[in-house]
Structures are given as C-alpha cells and as structure tokens.
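First comes the structure, then the notes that go with it.
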Amino acid sequence: MLTGFARAFKTPDLRKKLLFTLGIIVLYRLGAHIPVPGVSYENVQTCVDQASKGNNSLFGLVNMFSGGALLQITIFALGIMPYITASIILQLLTVVIPRLEALKKEGQSGQAKITQYTRYLTVALAILQGTGLVATARSGALFSGCPVADQIVPNQSMFTTIVMVVTMTAGTAAVMWLGELITDRGIGNGMSILMFISIAASFPSALWAIKTSGKLADGWIEFFTVILVGFVMVALVVFVEQAQRRIPVQYAKRMIGRRSYGGTSTYIPLKVNQAGVIPVIFASSLLYIPALIVQFSNSKAGWAIWIQDNLTKGTHPYYMTAYFLLIVFFAFFYVAISFNPEEVADNMKKYGGFIPGIRAGRPTAEYLSYVLNRITWPGSLYLGLIALVPTMALAGFGGANQNFPFGGTSILIIVGVGLETVKQIESQLQQRNYEGFLR
C-alpha cells in the first residue's frame, strides 16, 4: 500500500490531483477555525471546554459533520450539512415529482439541472439553519448550563444578526464550491472527502478525552481498548460494506445483418447495505426533534418531562429502542425508493436480458424484490447495531465522554469514503500499468 502511494506521487498528473485535494482540505480546515463576526471568542471557548467535559449537546450530529465548527460558531459552522440535507430531499422528491424523475432520465443535461436545484436548496437551507443557530446562540440555549452562554453574542442588534447569518450562508456556499472543485480537479467525490475530513478531525480530541476521563492506569487502558474496538469496527464495516449478492443475468444472442450481438453473461450487484448511511442520519435527525421542541418550549408539562427523561439521554432503553427501530424502518424505506425492481426488469427485457430460471418481465421484478427484502434485513440490523456502538460504549464508560469516535455515522462514512477514494486512486494507477494498492 505504501508503494502504491509512492507511485501515485511519482505520476505527474496524479500527484497534481492529490496535492490540489490536500490544498483544498487545508483551506477547509482553516475556515473551520475563523469565528463569525459578532461572536465573543473567549466565551465560546469557555462553553466549548465545559461541553467537552460531559455536557451533551443536541447539536452533536451537525457539529460532527462540521468538524467541530458548529459549536465554535465559525464561518464554516454549518459545514456541508445543508448540502447533504438538500441532496437527500431532492433524491426523495425525484420519486414523487414526475418532472424531477424525467430530468433524472435525461442523462447529463438533466443531472446538471438537478445539481443546480440542489445548490439553490442548499443556500435556502443554509439561511434557515444559520438563522436558527444565531437565535439559539443569542438565547444561550446552544450551551445549556454554561454560565456565559447568554454572552456568546454580546451585540444582539439586527445588523449584527444579519451579518452573522450572511457570513454562515456564504461559508456554506464556499464549502459547496470547494467540494465541487475537488470533484472536478482532484481525487474522489469532493463532498464525501470534506465529510471525511470533518469527522476525522474530531478523532484526536475525542480519543484524548477518553484517556483523560479514564480511571484505569491513568486512562491508558480505556484509551487502548477504544482503539482496539475501533480496529475491529473498521474490519467489520469493511467486510459488510463490500458484501453483495450477485444475481446472474444472461443476454440472448441477436442477429443484426450478418453480425451476432449479445450472448454475454453479467450480474446485478445488490449490496447487503444498499441504503448506506442515510437511515442513520434520518433516525438521528428525527430523534432530535422532540428534544429540540422541549428545549425551546421550556414546558413543565408531563409530556415534556417524559421526553426529557426518556428521549434525550442516549443510554436510556427507550431511546436506544426507538433509535434502532427507526434505523431498520428507514433502511427498508430508502431501499424501496432508491431501487426499483420493475424498472430494472423492464430494462433487462428491453435489451434481451434474463435471469436464468426466471421468466422476463413481472416474474423477474418479483424475484428481485424478494432477494432485495431478504438481504435488506441483515443490512438494516447491521446498521442498527453499528449505530448503537457509541451508546453502549457511553454506558460502559459511565457516560464520561459524549463523543465516542468509533461507531455510528462516523465509522460508516469514514470507511465508505476511504474505500471509494482508494479505489479511484488504484484505478488511475492501473491505467498506467501499475499494480495499485492490492495485488
């Protein structure tokens, strides 16, 4: 693998792409540390230090995707979360709105139009989320329990608020632009790379927090135990993410003039985890809604107390059960809208393809649905168990650290993006007659 990296940097055009990607990453991390105008940097650091010692923030998911920039209230505080949300919304609307479905089938021109809609929706969501973040910071609810939480924004005039929202929106647009630059001129998918960097940036501090809060041998036993668990989790995720059910497809021979076409054999790869990390994001976002409603309503009613006691603590059995069931549900839901067996069966029938032993048309669609449902069950259970690893680790460590690094959304994204990026580098090396990373 190290030889593969050395050969990658010896190839001029590939080296240029790698260095360009690294330069964009440096710019992205610099922007994640520049505070927004109108924010008291000292008060923010005081509250962030207190939050890292055990205060559980409701904004943990967004903070992870921003590489810790959200709680620091920097120009890249919103990170790529608005773009991710806009992409998911457009993907779901493609199934519902015929106009978007027609654009998707138009090829490159239609995809360019959908990308343009995604950009507009990203800016709109950035304005909405930026306004909500500024309002939360001004009210002191961003860091509940911090003595200087209500002094994070000293000047609460309308002009200062508008400047903060515009700055965060511009930061989100800049992040989107940087991601597209990586996709066009660098290595890998730009948004995925920035997401990878945001999550990986929080690993050192999270690991060190586990060490400092540990009690066995000054925390070193807990530290190395977590690293060992991390290696096991990475191996498990790689194994399942690469697993797929290959359905054989045979194409009949056709005579056109004097030439024979077709007669080839291929397969349809159905991944065990066909939904990816989307169900975990959906479930996490949905479980944040009740807690946010209680926090902003300040209600003392029975329902608010019940939600506060049962659905805001990650180690509570009710929370863990609801989280697991939502992940399983969204896994089936997302697979159902992203993979259409009838469309696949029609395309196979159109080009003379068939599954051996299965008639073309409706029987093929029913067979694909049957296989997809069978393999989605282990995939959804795997997602639920992986997502519960941080919660179980928090219970095991006594809730000392709220940012357990290995598990859930973070490990799924890091492994998935890492595999895809390495495959792209390897394919470019193989085009130049090199062996790549794997022999």
Side-chain angles (χ1 to χ4, degrees), residues 8-9 13-37 39 59 61-91 111-130 133 163-204 277 281 409-410 413-414 416-425 428:
F9 276 97
D13 54 341
L14 192 54
R15 180 176 66 242
K16 185 177 179 181
K17 290 182 177 181
L18 289 171
L19 292 177
F20 180 82
T21 303
L22 292 175
I24 295 295
I25 289 172
V26 170
L27 287 177
Y28 176 64
R29 290 307 301 160
L30 284 175
H33 290 85
I34 301 175
V36 170
V39 172
F59 303 91
L61 181 70
V62 184
N63 189 53
M64 181 186 70
F65 280 121
S66 65
L70 175 74
L71 295 183
Q72 302 275 357
I73 316 182
T74 65
I75 60 174
F76 289 168
L78 302 179
I80 55 176
M81 200 62 184
Y83 183 85
I84 296 173
T85 308
S87 300
I88 293 174
I89 291 174
L90 261 297
Q91 194 169 3
Q111 191 61 44
K113 201 70 176 178
I114 293 177
T115 302
Q116 189 176 4
Y117 292 156
T118 306
R119 292 170 181 165
Y120 293 150
L121 185 57
T122 299
V123 174
L125 289 175
I127 295 173
L128 184 63
Q129 294 180 13
L133 177 59
V163 169
M164 293 177 67
V165 173
V166 170
T167 303
M168 291 182 185
T169 305
T172 299
V175 169
M176 184 168 54
W177 177 61
L178 292 176
E180 292 179 356
L181 281 179
I182 293 178
T183 304
D184 293 339
R185 301 172 58 184
I187 288 291
N189 182 280
M191 291 301 172
S192 300
I193 294 291
L194 295 182
M195 196 188 309
F196 177 96
I197 296 301
S198 297
I199 297 172
S202 62
F203 271 34
V277 75
I281 297 176
T409 314
S410 59
I413 292 176
I414 280 188
V417 175
L419 286 174
E420 290 301 321
T421 305
V422 168
K423 284 180 182 178
Q424 284 203 21
I425 299 176
Q428 297 202 24

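The structure displayed is predicted, hence computed values, not measured ones.
- Between Val165 and Ile127, the closest heavy-atom pair is CG1-O, 4.0 Å.
- Side-chain contact check for Ile425 versus Leu18: some heavy-atom pair is nearer than 4.5 Å.
- Residues in residues 115-124 take part in these salt bridge (charged side-chain N to carboxylate O under 4.0 Å, His left out) pairs, two or more places apart or across chains: Arg119-Glu180.
- Between Gly79 and Tyr28 the shortest heavy-atom distance is CA-OH, 4.4 Å.
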Q) Under the side-chain contact (heavy atoms from CB on, under 4.5 Å) criterion, do Ile34 and Phe76 qualify, and how do the steps go? A) CA-CA 8 Å; Ile34 301 175; Phe76 289 168; over 6 Å; no

Run the side-chain donor-acceptor check on residues 183-196: report pairs under 3.5 Å with partners two or more places apart or on a different chain.
{"residue": "Thr183", "atom": "OG1", "partner": "Gly179", "partner atom": "O", "Å": "3.1"}
{"residue": "Thr183", "atom": "OG1", "partner": "Gly190", "partner atom": "N", "Å": "2.8"}
{"residue": "Asn189", "atom": "OD1", "partner": "Met191", "partner atom": "N", "Å": "3.2"}
{"residue": "Asn189", "atom": "OD1", "partner": "Ser192", "partner atom": "N", "Å": "3.1"}
{"residue": "Asn189", "atom": "OD1", "partner": "Ser192", "partner atom": "OG", "Å": "3.2"}

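- The side chain to side chain contact (heavy atoms under 4.5 Å, CB included) test applied to Thr85 returns Met81, Ile89, Leu125, Gln129, not counting sequence neighbours.
- If you take CD on Gln116 and CD on Gln111, they are separated by 12.5 Å, rounding to the nearest 0.5 Å.
- Leu30 meets the side chain to side chain contact (heavy atoms under 4.5 Å, CB included) test with Val26; sequence neighbours excluded.
- Thr122 and Thr118 get closest at one heavy-atom pair: OG1-O, 2.6 Å.
- With sequence neighbours left out, Lys16 forms a side chain to side chain contact (heavy atoms under 4.5 Å, CB included) with no residue at all.
- Of all heavy-atom pairs between Thr172 and Pro82, the closest is CG2-CG, 3.9 Å.
- In terms of heavy atoms, Thr74 sits closest to Met168 at O-CG, 4.4 Å.
- With sequence neighbours excluded, no residue forms a side chain to side chain contact (heavy atoms under 4.5 Å, CB included) with Leu128.
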Self-check item: Chi angles and distances behind the side-chain contact (heavy atoms from CB on, under 4.5 Å) call for Arg29, Ile197
Solution: CA-CA 8 Å; Arg29 290 307 301 160; Ile197 296 301; 3.7 Å; yes

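- Here the closest non-hydrogen pair linking Ala77 and Leu133 is CB-CD2, 4.1 Å.
- Taking CD1 of Ile114 as the start and CD of Gln91 as the end, the distance is 10.0 Å to the nearest 0.5 Å.
- With contacts defined as side-chain heavy-atom distances shorter than 4.5 Å, the pair Thr167/Pro37 qualifies.
- Rounding to the nearest 0.5 angstrom, the gap separating the CG atom in Leu121 from the CD1 atom in Ile88 is 11.5 Å.
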